[in-house]
Structure formats: structure tokens, C-alpha cells
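Working notes, beginning with the structure itself.
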Amino acid sequence: MIETPPSFAATPDIDRGGDLLADMLRSIRLSGSVFLNASLTEPFGLISPKHFDERTPMAHLRHVSIFHLIAAGECTVELASGERGTIAAGDVLLMPFADTHRFYSGDGAELCSAMELVRAGPLSGMWTIEHGGGGRETRMVCGFIESSELLHSPVFRTLPPMLIDRAGDDKVSAILATTVREILSLTEDATPGSEIMLGRLMELLFVEVLRRYAAGLPPSAHGWFAALNDPVLGRAMRHVHGNPGHRWTVDDLARECGTSRTVLAERFNEVLGQAPIEYVTSWRMQLAAERMRTGADSLAVIASDVGYDSEAAFNRAFKRVTGIAPGRWRDGAKSAKPYPSPMRRG
């Protein structure tokens, strides 16, 4: 699991460029694993539902993104919106939201629900599907990434609904290919201790896919990942992430970035669709929410650490962003049952 930084006070070297992606992922506390090993033979049609029932490992997780790692063959994937893509051996498919989707290949196959086909596999929490008409095989391993991201946070919500990463001959592709091969090997071997390694590898795969996605965006792109590549926004975000407790104003932030407040505001609005101070607030709320969920500090201490002069001001900001008072949010987070690992039944 990617851990939360121990303190809000640590400030990265801004000029060398703090790793904003890693910073954000630490704040939303990722965890992941593999939950399905599927063998599908033509003709086949398979529906993966939005929600799985209590028999499956996806029932009690919070925000879940789905990975499909294609080990052999090829097929079509189709989202509920009608968007389609072809995936083949070596491809990695990331779906930031676990919505209904379907896989199919060959003519004449009826669509079957994955709910009706899953069977317990060799590892606790690992499920298998063997389905189809006996023709050409498509092999895939499916995993998930879970996070505690707040609804307003930008990591998942600025990704496309279907992100297909195709293998290439560059360095990052080699890293991804090696990671995928190791995941497939561990899934096949199903030896004791594989659960822990599979979880770590899924987290690594997720981070590398996101890095690759961000690096490949065109200059005209919008959203949080596009902002990482923008010289003005990237620098501003590094200052905010590095020192969220500072009483930022637009003038202060513009001065630190070597630009005017007009240019800074325009870039934030154009690429991120929000004002600079809105971004400051959203980052503070993400940090505060994670700290309330996992720590014992008072709301007054947390409020001060994330840049508020009073607990009352922090309470107003938190409720404005999340729709719920911080005390109530903390009570709910503390009383919630732990989400079971997909590698454990029950």
C-alpha cells in the first residue's frame, strides 16, 4: 500500500520538481490486487457488471478501478456508453470506474454474466472463469486498484473511461511488460505468499500506466494529468503540494511561479477548470480527510496544519467541498468496517 506522508510540513525541492503524481497517490492511499483469471474461447460474450455480489471480492470496496491484463488472444471491449476498443496480447486495459462493460469475440455467442460463471480459484480471493465455444482463446488476468480518494479529487475523474496501454519498445513499455509478466506468472503459480506480491505489483502497474498516460498527452489536453506537463501549473501545484499549510493567495502563488496572477488564473481555468485557490482548497481537504481517517489528531490541529486560522473556518471549507461536516465525516470513517482484502474470503 502506498503510505501517506508522515507530515504536511515536509517541502520538496520545488526547482528540481516534486513528484506530484506520487504525492497525490500517497494522499489517496492506494491498494490493489488480482481477483480473476479468465480463459475465454471463441465465440464468447461476457458481461462484467457494475457491482459484484457478496460471493465476489469486489463487494465491499470503496473507489475501485479495474485492470485487465491480456495474456493471449484478442477481443473487443465495449462500455455501457457504447465506446469500443480492441485489446490484444500484451495490452493493459484500465477502467478508472468499475462500471458495466462487456467482452466478446467471434460470431453467434450469447452474452453471459460473469456473475454466473465465476468459480473459486487456487488462491483465497482469486476467482476463475472458463467460458466459450472452444475456438481461439483469449486469456486475461483482472485486477483492481482501490483508493480513499474524495469525490472532488482529480486523479480518477480526469482519466478517460477506458485507457488502453499498448506495448511498445520504449523503456517504460519494458517496465510495464516485466510487471505484467510477473503478475501473470504469480497468478498461474498460485504459491503461498503470492497475494502480497500481486498487490504490490498491481499498485506498481497502476502508477506506471498513469505516468505513461500523462507523458503522452498533447499540449492541448485538459485535466489534472495535463497540468503535470504545464510549466506554470506544474510549478504552482508543486508549491501547493509541498506546503499546503501556507496561507496561499493568488498573488503569492503567481510570484512563486514567476508569472502574473492573470496568467496563473487563466492557466488554471483553461486546463483544470477551476481557480487557483479552489485547487489549494481541494488539496487541503484531501490531506485532511486522510488524516482524519487514519490519525487521532484533533480537528483544530489538522485545521491549522492545512492552513486554516480556526477550526470553524476549516469546518466551513470541508463541508463546502465534501457536503459533510468534518466531525461527522471522521465518525463515519472511524466506524466503518475494514474493507476485506480480495485475497481473503468472508
Could you walk me through whether Phe318 and Leu299 pass side-chain contact (heavy atoms from CB on, under 4.5 Å), step by step?
CA-CA 11 Å; Phe318 192 90; Leu299 293 182; over 6 Å; no

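- For the pair Pro276 and Phe268, the tightest heavy-atom approach, listed with the atom from each and the gap, is CG-CD1, 3.6 Å.
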Any chance you could lay out the side-chain contact (heavy atoms from CB on, under 4.5 Å) test for Glu278 and Val321, step after step, and finish with the verdict?
CA-CA 9 Å; Glu278 287 181 293; Val321 170; over 6 Å; no

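- Between Phe144 and Ser33, some side-chain heavy-atom pair lies under the 4.5 Å cut-off.
- Between Asp252 and Arg247 there is no salt bridge, since no side-chain N of the basic residue sits under 4.0 Å from a carboxylate O of the acidic one.
- In plain terms, the two heavy atoms of Thr179 and Leu201 that are nearest each other are CG2-O, 3.7 Å.
- Scanning both residues, Ala236 and Leu264, for their nearest heavy atoms gives CB-CD1, 4.0 Å.
- Considering CZ of Arg136 and SG of Cys75, their distance stands at 9.0 Å, rounded to 0.5 Å.
- Note: Arg316 CZ to Tyr308 OH = 10.0 Å, rounded to the nearest 0.5 Å.
- Using the six-membered ring where Trp is involved, His68 and Phe103 have ring planes that are perpendicular, over 60° apart on the 30 and 60° scheme.
- Note on Ile47: it does not cluster hydrophobically with Phe44, by side-chain heavy-atom contacts below 4.5 Å among ILVMFWY residues.
- Remark: the backbone N or O of Ala254 is not paired with any side-chain donor or acceptor of Arg261 at under 3.5 angstrom.
- Side chains of Asp107 and Pro43 form no contact here, defined as non-hydrogen atoms less than 4.5 Å apart.
- A salt bridge does not link Glu256 to Arg235: none of the charged nitrogens lies less than 4.0 Å from a carboxylate oxygen.
- Note that the CD atom of Glu116 and the CD1 atom of Ile129 stand 10.5 Å from one another [nearest 0.5 Å].
- A donor and an acceptor atom, one from each side chain of Tyr279 and Trp248, are nowhere located under 3.5 Å apart.
- Side chains of Leu21 and Phe225 form a contact here, defined as non-hydrogen atoms less than 4.5 Å apart.
- Between the side chain of Thr281 and the backbone N or O of Ile277 there is at least one donor-acceptor pair closer than 3.5 Å.
- Proximity of a side-chain donor or acceptor of His246 to a complementary backbone N or O of Val240 within less than 3.5 Å is not detected.
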May I have the step-by-step check of side-chain contact (heavy atoms from CB on, under 4.5 Å) for Leu111 and Arg102, ending in yes or no?
CA-CA 8 Å; Leu111 287 168; Arg102 59 184 66 183; 3.1 Å; yes

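- Considering all non-hydrogen atoms of both residues, Leu40 and Met140 come closest at CD1-CE, 4.2 Å.
- Side-chain contact between Met237 and Leu228: present, with at least one pair of heavy atoms (C-beta onward) separated by less than 4.5 Å.
- The two residues Pro160 and Tyr213 have their closest heavy-atom pair at CD-OH, 3.4 Å.
- In this structure, the side chains of Ile66 and Phe35 come closer than 4.5 Å at one or more pairs of heavy atoms.
- Side-chain atoms of Arg238 do not come within 3.5 Å of backbone N or O of Leu20 as any donor-acceptor pair.
- Residues Glu130 and Ser39 bring no donor and acceptor atom of their side chains to less than 3.5 Å of each other.
- For the atom pair OG of Ser113 and CG of Leu46, the computed distance is 7.5 Å after rounding to the nearest 0.5 Å.
- Atoms CG and NE2, on Leu117 and His131 in that order, are 5.5 Å from each other to the nearest 0.5 Å.
- Taking CG of Leu205 as the reference point, atom CE of Met202 lies at 5.5 Å (rounded to 0.5 Å).
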Could you walk me through whether Trp329 and Lys319 satisfy the side-chain contact (heavy atoms from CB on, under 4.5 Å) test, starting with their C-alpha distance in whole Å, then the side-chain angles of each, then the deciding distance to 0.1 Å, before giving a yes or no?
CA-CA 9 Å; Trp329 191 94; Lys319 187 170 184 179; over 6 Å; no

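- Val263 forms part of no hydrophobic cluster, judged by ILVMFWY side-chain heavy-atom separations under 4.5 Å.
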Could you tabulate the donor-acceptor pairs under 3.5 Å formed by side-chain atoms of residues 82-99, not counting sequence neighbours?
unit_1, atom_1, unit_2, atom_2, d
Arg84, NE, Glu78, OE1, 3.3
Arg84, NE, Tyr104, OH, 3.1
Asp91, OD2, Ala88, N, 2.9
Asp91, OD2, Arg166, NH1, 2.7

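- His222 places a side-chain N or O within donor-acceptor distance of the main-chain N or O of Ser220, the cut-off being under 3.5 Å.
- Scanning both residues, Gly32 and Ile145, for their nearest heavy atoms gives CA-CD1, 4.0 Å.
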